[in-house]
Amino acid sequence: MSNNLSEQELVRRESLQKIKDLGINPFPAAEVKVNFKTTEFTSVEFLANLVKEIEKLKGVGAVKAKQIAALLTKNKFRVSALLEADLGLTEAIEFDAGVTHTATTLEEFVGGLRVAAMGDYKPEKFPEVHIAGRFMGQRGPFAKLQDSEGRMQLYIKKGTIGETEEEQLKINALVKQLHIGDFIGVKGYLFSSQTGEVSVHVQELNFLGKSLKPLPIVKRDKQGNIYDEFKDPELRYRQRYVDLTVNPSVKEIFLKRSKVIKSMRTFFDEKGWLEVETPILQPIHGGAAARPFDTHHNTLDMPLYMRIANELYLKRLIVGGFDGVYEIGKMFRNEGMDRTHNPEFTSMEIYVAYKDYIWMMEMVENCIAYIAQEVNGTLIAQVGENTIDFTPPYRRLSMYDSIKEYTGIDVSKMDEAGLRAICKQLHIETDNTMGKGKLVDEIFGAKVEDYLIQPTYITDYPIEMTPLAKKHRTEEGLVERFELFVNGKEIANAYSELNDPIDQRERFEDQLKLAARGDDEAMVLDEDFLRALEYGMPPTSGLGIGIDRLTMMLTNQSSIQEVLFFPQMKPEVNQQKEEEEVAE
RNA sequence: UGCCUCGUAGCUCAGUUGGUUAGAGCACUCCGCUUUUAACGGAGGGGUCGUGAGUUCGAAUCUCACUGGGGCAACCA
């Protein structure tokens, strides 16, 4: 434990003791009654409602209603100010007051207007509100409380909380000890302050938990300007709990991420496909081309790998007789990190029997459109400078045609030497481990990918780079595969799955040859998977979607770290030191 | 892995060609105020300037190494 406490941390520890001295447990165990969440009801809404209420009066038009509303809010709902203003409206108000609001005095009527302007948040509707959250600052008798939904104002009037004088003094003393970030629970009733903010008039106050470290203070004004924003990425990612507490927009992203996954699951479940779980610790890291994390099982004394993909296991389940299986889960790849790669990431893979990749394209665009609609309420997404339209159908373009379209070169009939020459001409670096498929992919990656902004299927890949896909039904040297590109990034990958075990064995053997050439990401041969195929697998189409990247598109984020709660980071320095000390 | 760039108070940031005791706003403490709206008034406390070495009479500032972050590239379905 650190013994270099800052001044403010010491103050809070002293405050903790003072709370104990009051006979209050600063970390009480009992369940907290909560029957209400904060509302973002603003004074802007209040004003709009107030105008509407006033417009109901006879002889008051929209313009005058606005004038009266402004007058009332500016003068704290003082009737005298209204009368002095000489707008010639007092008769109309008095008249209507008698009819519609059963008010006997102008004061009562004006008070009624204020209550009416609270819209759905009327005191009579919420006479006993229990609300809990973090205390986020106080100004005069008004405090801010923040819960999972947002912030709301509390009215804490001195000497009104507690039945006896002794209790009241105790609460006063407690309120003095509140620091930003402390958890409290209150009971009270809703009312509107004189400026029209819906607030809780506190009648009971309970201390629920002390915050010993000061939170960063971020302030926002009504124009949406942010002051003292907590924005250092290092601090935000390392202390995501702080980020989430003080930056509501961050929470929004993760709520959307959850909706992405939930709506995708709903879409598949409604089609009757089965959600499954397959091993994360695998003896053979199959199903993709990537370096794995390796580990070791002590009891079995065997190496194990964190999965780089789950494809081969899901296909085994299709062999076993399921019509459709899908899995949403983490994959692990021991490779570089940047704004679109994290060592662990979330993928969804789905396999559906008796379908092909043509069918899959239609399924994917419907699925993504459904998700976009559920998450954002629209099929249009703004991603950086680009406006993406997820409305199906999406453009379909073969890989060779796409290269022809963006470079003017037809590479479809070229051999490895020819491709190498083209790469040189286009200033694309190559090396000897690259086969024909890889070379085509390099050209595509360098000259086409970035320009695929609107959702586009790139179809029919060279066979060399796709050992698990079925050979194309008509085109020699190609496989039935597509990738979906959006905003220049790949977000989905699908095949007509290879179900011929003899062909599959040959493809694995080709991969072994690539590995021998030095390609350390070539696939490994999985004998048990081949055995499964030998028992027979129906024609099947499979699909993988990168959940993180899809979420990035739907939340307009350019970094994967912004859509992961806890992106991978190097250890903090002091933590490293402590570990070294422990080791010594 | 290469190049560029940043690291100053709890947070966000100033800090001049190297020159007294390193500043501001918020936050914090005390006093006043108690229907306020990012920021009420007054007073006050708080910093091994990322770490270590070097140059210098003198380093937050210049040099080197290390460390962590970010960007670009490379790598990566």
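Residue numbers start from 1 in every chain, and the chains themselves are labelled A, B, ... in the order their sequence lines are given, proteins ahead of strands.
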Over all strands shown, is Asp232(A) touching base, sugar-phosphate only, or nothing at heavy-atom distances under 4.0 angstrom?
sugar-phosphate
Looking at Glu197(A) and U37(B), is any side-chain donor or acceptor paired with a base atom of the opposite kind under 3.5 Å?
yes
Indicate, yes or no, whether a donor-acceptor pair under 3.5 Å links the base of A77(B) to the side chain of Glu490(A).
no
Nearest-Å distance for atom pair CG/C1', residues Leu212(A) and C28(B)
14 Å
For a quick check, tell me whether the side chain of Glu234(A) and the base of G68(B) share a donor-acceptor pair closer than 3.5 Å.
no
Whole angstroms only, please: what is the CD-P distance between Glu14(A) and C28(B)?
15 Å
Just by modelled atom types, is the Ile547(A) backbone N or O under 3.5 Å from a matching donor or acceptor in the Thr551(A) side chain?
yes
Under 4.0 Å, counting only non-hydrogen atoms across every strand here, what does Gln138(A) touch: a base, just sugar-phosphate, or nothing?
nothing
Checking all strands, does Phe332(A) fall into the base, sugar-phosphate, or nothing category for heavy-atom contacts under 4.0 angstrom?
nothing
Identify whether any heavy atom of Lys158(A) sits under 4.0 Å from a base atom; if not, whether one sits that close to sugar-phosphate; answer base, sugar-phosphate or nothing.
base
Regarding Arg481(A), tell me which of base, sugar-phosphate or nothing describes its non-hydrogen contacts under 4.0 Å with the strands shown.
base
For G18(B), the Watson-Crick or wobble counterpart (both distances under 3.5 Å)
none
Criterion side chain to side chain donor-acceptor pair (under 3.5 Å) on Tyr227(A) and Asp221(A), from CA distance to verdict:
CA-CA 8 Å; Tyr227(A) 303 83; Asp221(A) 64 19; 2.6 Å; yes
Considering only heavy atoms and no angle criterion, is a donor-acceptor pair shorter than 3.5 Å present between the side chain of Thr195(A) and the base of U37(B)?
yes
Check every strand shown and say whether Tyr227(A) touches a base, only sugar-phosphate, or nothing at a heavy-atom separation below 4.0 Å.
base
Any N/O donor-acceptor pair, Ser199(A) side-chain to U35(B) base, under 3.5 Å
no
Salt bridge check: are Glu480(A) and Lys470(A) linked by an N-O gap of less than 4.0 Å?
no
C11(B) P sits how many Å from Arg220(A) CZ, rounded?
17 Å
Are OP1 or OP2 of G10(B) and a side-chain N or O of His179(A) less than 4.0 angstrom apart?
no
Describe the nucleic acid contact of Gln194(A) in one word from base, sugar-phosphate, nothing, applying a heavy-atom distance below 4.0 Å.
base
Which is true for Met337(A) with a 4.0 Å heavy-atom rule: it touches a base, it touches only sugar-phosphate, or it touches nothing?
nothing
Within the structure, does a side-chain N or O atom of Lys176(A) lie under 4.0 Å from either OP1 or OP2 of C30(B)?
no
Mind checking if Arg339(A) touches a base, just sugar-phosphate, or nothing, with heavy atoms under 4.0 Å?
sugar-phosphate
